[in-house]
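The next block holds one structure in the form of structure tokens; read it before the comments.
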Amino acid sequence: MPTTQFDKESIKQSIIGKLQRYNGRTLSDATNQQIYNALASTVRDQIMQKWVAYREKDKHSTAKRLYYLSVEFLTGRALHCNVLNLCSIDNYRQAMEELGIDWRAVIQEEPEPGLGNGGLGRLAACFMDSLASLSLPAMGCTIRYEYGLFRQKILNGQQVEVPDNWLENGNVWEVPAMEDVCQVNYGGRVETEEVFGRTRYVLRDYYSVEAVPYDMPVAGYDCETVDTLRMWRARSVKTMDLHSFNSGDYTRAMHEQELASVISKVLYPEDNHYEGKELRLKQHYFFTSATLQYALKDFKRRFGNDFRKIPEKMTIHINDTHPGLAIPELMRLLMDQEGLGWDEASWIVQHTVAYTNHTVLSEALEKWPEDMMRNLLPRIYMILQEINRRVCARLADHYMNGTDPRIAGMAITAYGQVHMANLCVAMSYSVNGVSQLHGDILKKETFHDYYKFSPRKFSAITNGITHRRWLMGCNEGLRDLICSAIGDGWVRDPEKLRDLLPFRDDAAFREAFAKVKYQNKVAFSNRLASHQDVKLNPDFMLDVQAKRLHEYKRQLLNALHIMVLYNRIMDDPNYTMTPRAFVFGAKASPGYYMAKQILRMIIAISKLIDRSPRAKEFLQVVFLENYCVSAAEFLIPAAELSEQLSTAGKEASGTGNMKFMMNGAVTMGTMDGANVEIAEQVGMDNIYIFGMRADTVSSLYREGTYSPMHIYESNSELRKALTQIIDGTLMPENPAALQDIYHNLLFSDPYFVLKDFGSYSMAQRRVNADYQDREKWLKMAVTNTACSGIFSSDRTIREYNEKIWHLG
Ligand code: 26W
């Protein structure tokens, strides 16, 4: 079937027609937002044609399907990438030009769906793009949050959170699928019934919430596949209590409605820190149950009641433990609804569910209070207890000792808590880490005892990013330059980017590469000027750390180093250095006190430098407000140095590191997560590696002998920078404001900031010198882009499919 294409003329007609019909406007008096809507719904029309055709074919397919469950999908704006994947960029661009519309301005009108916190959610979005582009049958499943991650404002040097009402002007891309509305039940009590000699479990006195699916098409690149991202919205089962309404009690009538809809009201702004909040548990069960009800319904439509075939026909992939209730929920549906026995249901689950772990930080591992689970989901809790009983019995057998201490560590319910990671490891057929190092840590530490028990379950699949959004979409200058050098084979096979390697030695190519980078810096600095009233000098080297604010990611290492540079400049009138602009992009969880302190410190440093004409000659610090996918699309193509500073062993993979690399930034990083593999790809000459290795960190933790005070005493530059946190240099109007950072570093330093500082500062000296050598630096930059192909999520998805899913 030929790809459905809209030619330039029909695009123009469609936009003008839509403006007239929906807005009663002509082009000349339409706002950019109205034009965006007309343009986006034209693109949508084009996708819908493909979607209908694809779904018609898919309906009759007997192929295995993937359900990818994730509490976050950080998709970013859809318009540009959709047009890119439809291979229609030129048609749309020309149509817009002939209509006199500024394409770049109009695409900025799209509200960004911020339905994720960071890495985990963005990974899920990259995966959807790759799944569709590789023509694999998949449905992404999540919650349709009315409010996404908060928007960040900086007021008086501090973060202020503003609600993200992304649906305010409607969402062009979604379509409700009313035929799949279903109910999710909470509370009540479990009763048993004897039916034909079998015990049946029935839930009584529960309350229900209705789950309404909204589908977003995910069009693959240059192919017929259009997969679906299904987002569930919660609403009350009773549409309205008419009696209360008629008797004038409007508030009571509305009450029910509102209670139900809170479930899909807002995304929790937590990243790598778990809190046992009941609403979060409700959210997790809500979209997991709705998804499984649908998956089972679809299975029955295709294969009838031959449930033993489930593992052959679908994989339920759980993105971290958040959708882990898929395990007891699938058992519940198979036993209570379909009448299967425990052994059969449990066999099916253990061959259908696959689990990816994304973090080893203990404060991030989900453990739900047993009481909460019992009250909110009594039948699910019963099933969890029975799973636990059987798992522990098997372990006792295996260890030939029912009191072996390892059993408590592996149990699903223990010490009044439900341990979600143990549940997922025990009951999934596959457990994977997201980088090679992370996979090893899971085996050696986090899940060591489970690994010994069933080693073949465990694997490592290194994360990836979609090169369509993160190179072709956001860096058109570089895309065109690459195509002019090596053709466009890399678009389908990104590992062909390696063909760029010989161009390192081509001076003209290097200069063209530098020119693209410079233009991207100018574009980024223009965006900054219009969003934040900050003037960034594009002639400064652009050094970027953009990621969630977290102690383990060590923005503090960067901040302290800037203070040291500031002091060198201020203390020595003859000192010079390569002028550098440090850009930070980071949101802090609203309740994470230390993260907010660190954010304040960075802004204080920025102001300190601004006050000093001498420091300003060499340094600039910019805090980029509201770091999000759209901001990243401007920032990353402009970056020259990528800061990846996590304490080794703590960052499961990182994916920002890959985006920077692909866009020609050189990495400054520890041997952590995927940095290790980036180093392998580019070679040690094209990366700056510093700091302790993961094994050293882990023995330091075990020994417990680390004393940051020693380092404070022996390193005078560091000592001075630390003192300036509290002596009024940074915070003249309130010197004590940041004292908790100071104390934390000096008396505890749980992430070894001081320990790694010396090594970091040495590596930064090398950066400073190397950047002066233009030829050397550009060779490194080109090498990074050339070696980045392996980090395309197409490679990641192929690996998942070969090792875990076996779709199609
Ligand atoms: C329950 C609170 C909570 C919320 C989110 C705990 C943990 C999370 C996520 C698992 C945190 C996360 O996003 N992890 C990141 O996942 C990326 C994708 O695999 C990795 O690249 C990052 O290293 C990892 O921090």
Side-chain angles (χ1 to χ4, degrees), residues 66-78 111-131 138-152 164 166-167 171 173-174 213-214 216 218 228-234 263-275 277 279-288 290-291 316-326 355-359 361 364-366 420 424 434 463-466 469 547-548 550 586-590 627-630 632 652-656 793 796:
L66 170 69
Y67 293 92
Y68 193 87
L69 276 67
S70 176
V71 77
E72 303 184 2
F73 277 85
L74 188 48
T75 58
R77 289 181 179 139
E112 171 173 328
L115 309 189
N117 274 285
L120 168 106
R122 185 52 234 176
L123 184 77
C126 284
F127 277 12
M128 286 310 295
D129 184 67
S130 287
L131 282 160
M139 182 183 259
C141 302
T142 189
I143 298 169
R144 183 178 175 273
Y145 302 102
E146 212 175 305
Y147 293 86
L149 186 63
F150 65 87
R151 282 194 292 123
Q152 179 191 54
D164 165 50
W166 72 289
L167 288 167
N171 175 12
W173 306 108
E174 67 185 11
Y214 288 75
M216 283 227 264
V218 182
T228 299
L229 175 58
R230 174 157 281 195
M231 306 182 292
W232 296 94
R233 178 171 79 92
I263 292 180
S264 55
K265 189 66 76 186
V266 58
L267 167 78
Y268 272 93
E270 297 280 355
D271 176 84
N272 267 310
H273 181 85
Y274 156 79
E275 268 182 286
K277 288 277 166 60
L279 182 57
R280 184 177 219 143
L281 185 57
K282 275 190 185 167
Q283 290 187 328
H284 291 180
Y285 185 64
F286 169 72
F287 91 99
T288 305
T291 299
I316 306 289
H317 200 101
I318 54 180
N319 198 25
D320 217 277
T321 58
H322 318 138
L325 292 178
Y355 156 60
T356 301
N357 172 282
H358 295 266
T359 178
L361 296 188
L365 298 181
E366 286 188 300
M420 292 302 285
C424 295
V434 290
N463 280 168
I465 56 170
T466 166
R469 179 179 292 265
K547 49 183 77 256
R548 282 298 288 265
H550 203 294
K587 288 183 183 176
S589 274
Y627 182 60
C628 56
V629 175
S630 319
S653 162
T655 45
S793 45
T796 312

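- Taking each heavy atom of Tyr627 and Gln152 in turn, the nearest pair found is N-OE1, 4.2 Å.
- Judged purely by atom type and a 3.5 angstrom limit, Thr466 has no side-chain atom pairing as donor or acceptor with the backbone of Ser130.
- Here the side chains of Lys265 and Leu279 are not in contact, with every heavy-atom distance at 4.5 Å or above.
- Of the inter-residue distances, the one linking Arg548 atom CZ with Leu120 atom CG reads 11.5 Å to the nearest 0.5 angstrom.
- Between atom OG1 of residue Thr291 and atom CD1 of residue Ile318 there is a gap of 12.0 Å, rounded to the nearest 0.5 Å.
- In this structure, Ile316 CD1 and Tyr67 OH are separated by 7.0 Å, a value rounded to the nearest 0.5 Å.
- By the salt bridge (charged side-chain N to carboxylate O under 4.0 Å, His left out) test, Glu270 pairs with no residue at all, sequence neighbours left out.
- Nearest approach of Leu167 to Glu146, heavy atoms of both residues: CD1-CA, 4.1 Å.
- Residue pairs meeting the salt bridge (charged side-chain N to carboxylate O under 4.0 Å, His left out) criterion with at least one member in residues 118-129, sequence neighbours excluded, are Asp129-Arg468.
- Residues satisfying the side-chain hydrogen bond (donor to acceptor under 3.5 Å, both in side chains) test with Ser70, not counting sequence neighbours, are Asn319.
- Under the side-chain hydrogen bond (donor to acceptor under 3.5 Å, both in side chains) criterion, Asn357 pairs with Tyr355, His438, sequence neighbours left out.
- Across all non-hydrogen atoms, the minimal contact from Cys141 to Phe287 is O-CE1, 3.3 Å.
- Contacts of Glu174 classified as salt bridge (charged side-chain N to carboxylate O under 4.0 Å, His left out), with partners at least two apart in sequence or in another chain: Arg144.
- The residues Glu112 and Arg77 are annotated as not salt-bridged, no charged nitrogen and carboxylate oxygen being separated by less than 4.0 angstrom.
- For Glu366, there are no salt bridge (charged side-chain N to carboxylate O under 4.0 Å, His left out) partners two or more places apart in sequence or in a different chain.
- Partners of Asp320 by side-chain hydrogen bond (donor to acceptor under 3.5 Å, both in side chains), not counting sequence neighbours: none found.
- Looking at residues two or more places apart in sequence or on another chain, you find a salt bridge (charged side-chain N to carboxylate O under 4.0 Å, His left out) between Arg469 and Glu633.
- Between Leu229 atom CG and Leu131 atom CG the span is 11.5 Å, to the nearest 0.5 Å.
- By the ring-ring contact (aromatic ring centres under 6.0 Å, His included) test, His317 is found to be paired with Tyr68, Tyr800, Trp805, residues two or more places apart in sequence or in another chain being considered.
- In this structure, CZ in Arg280 is found 16.0 Å from CZ in Phe286, a value given to the nearest 0.5 Å.
- Remark: side-chain polar atoms of Asn117 are paired, donor with acceptor, to backbone N or O of Tyr268 under 3.5 angstrom.
- Counting all heavy atoms, side chain and backbone alike, Leu74 lies closest to Pro113 at CD1-O, 4.1 Å.
- The OG1 atom of Thr796 sits 7.5 Å away from atom CG of Leu123, with the distance rounded to the nearest 0.5 Å.
- With hydrogens and angles disregarded, no donor-acceptor distance shorter than 3.5 Å links the side chain of Glu72 to the backbone of Leu115.
- Scored by the ring-ring contact (aromatic ring centres under 6.0 Å, His included) test, His284 finds His322 as partners (sequence neighbours excluded).
- Every residue two or more places apart in sequence or in another chain that forms a ring-ring contact (aromatic ring centres under 6.0 Å, His included) with Tyr274 is listed here: Trp368.
- Side-chain atoms of Lys587 come within 3.5 Å of backbone N or O of Phe150 as a donor-acceptor pair.
- In this structure, the side chains of Tyr145 and Val71 come closer than 4.5 Å at one or more pairs of heavy atoms.
- When all heavy atoms are compared, the tightest approach of Ser264 to Ile143 is CB-CG2, 3.7 Å.
- Every residue two or more places apart in sequence or in another chain was checked for a side-chain hydrogen bond (donor to acceptor under 3.5 Å, both in side chains) with Thr75, and none qualifies.
- Nearest heavy atoms, Cys424 versus Thr321: SG-CG2, 4.0 Å.
- Looking only at distances, no side-chain donor or acceptor of Thr142 sits under 3.5 Å from a matching main-chain atom of Met231.
- Side chain of Thr359 to main chain of Leu361: a donor-acceptor pair is present (N/O by atom type, distance under 3.5 Å, no hydrogens or angles).
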